[in-house]
Amino acid sequence: VLERAQEIMPGKRALLVAQAHHIGRVGVQAKKQGMNFVIPAHLPRTFDPFSSQPWTRGPLLWAVHEAAGIPLLWKRGKI
């Protein structure tokens with residue numbers, strides 16, 4: 001998604017919106033790509049127990065998913 005945003009709006013300032021637990025990694029990825037961005041305050045910190053994506057249903061599943069994904073993103077040069 002970040003790569004596509006960079007293509008569509010080169011040189012523009014992006015508003016990054018994500019769940020509060022997720023935004024830190026999103027910001028690191030955007031910075032790595034040289035994006036100019038703003039992160040709004042007070043992003044939601046809640047999880048949806050009925051989400052179709054199991055890792056977004058609670059903090060434990062989210063943490064396991066992020067812990068597994070971050071090394072892969074690093075290996076691909078995305079963070």
Side-chain angles (χ1 to χ4, degrees):
V1 173
L2 291 172
E3 289 92 353
R4 184 68 180 129
Q6 199 68 335
E7 292 171 10
I8 294 170
M9 45 186 269
K12 303 286 184 186
R13 193 172 197 188
L15 176 65
L16 298 185
V17 179
Q19 204 261 10
H21 297 285
H22 184 69
I23 198 69
R25 180 177 53 77
V26 174
V28 169
Q29 287 181 264
K31 186 175 182 178
K32 172 91 175 176
Q33 291 184 1
M35 290 182 77
N36 183 14
F37 60 89
V38 177
I39 297 175
H42 311 296
L43 291 170
R45 300 187 66 79
T46 58
F47 291 91
D48 177 5
F50 303 106
S51 174
S52 62
Q53 298 173 318
W55 63 90
T56 65
R57 293 180 189 161
L60 180 59
L61 290 172
W62 173 84
V64 170
H65 184 266
E66 284 290 293
I70 287 173
L72 180 61
L73 290 169
W74 180 79
K75 184 177 180 183
R76 292 180 178 172
K78 297 197 178 226
I79 59 171

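Position 1 is the first residue of the sequence, and the numbers go up from there. The model shown is predicted, which means the values in this text are computed figures rather than measured ones.
- I23 and F37 fall within the same hydrophobic cluster, where Ile, Leu, Val, Met, Phe, Trp and Tyr residues are linked whenever their side-chain heavy atoms come under 4.5 Å apart, directly or through other members.
- Among residues two or more places apart in sequence or in another chain, the side chain to side chain contact (heavy atoms under 4.5 Å, CB included) test is passed with P40 by L15, V17, L43.
- Applying the side chain to side chain contact (heavy atoms under 4.5 Å, CB included) rule to D48 yields the partners F50, S51; only residues at least two apart in sequence or on another chain are considered.
- Between A14 and M35, the closest heavy-atom pair is CB-CE, 3.8 Å.
- To the nearest 0.5 angstrom, K31 atom NZ is 12.5 Å from L16 atom CG.
- Qualifying salt bridge (Lys or Arg N to Asp or Glu O under 4.0 Å) partners for K78, counting only residues two or more places apart in sequence or in other chains: E3.
- Applying the under-4.5 Å side-chain rule to Ile, Leu, Val, Met, Phe, Trp and Tyr, the cluster around I70 extends to V28, L73, W74, I79.
- Partners of H22 under the side chain to side chain contact (heavy atoms under 4.5 Å, CB included) rule, at least two apart in sequence or in another chain, are A18, Q19, R25, V26, W62, E66.
- Scored by the side chain to side chain contact (heavy atoms under 4.5 Å, CB included) test, A63 finds no partners at all (sequence neighbours excluded).
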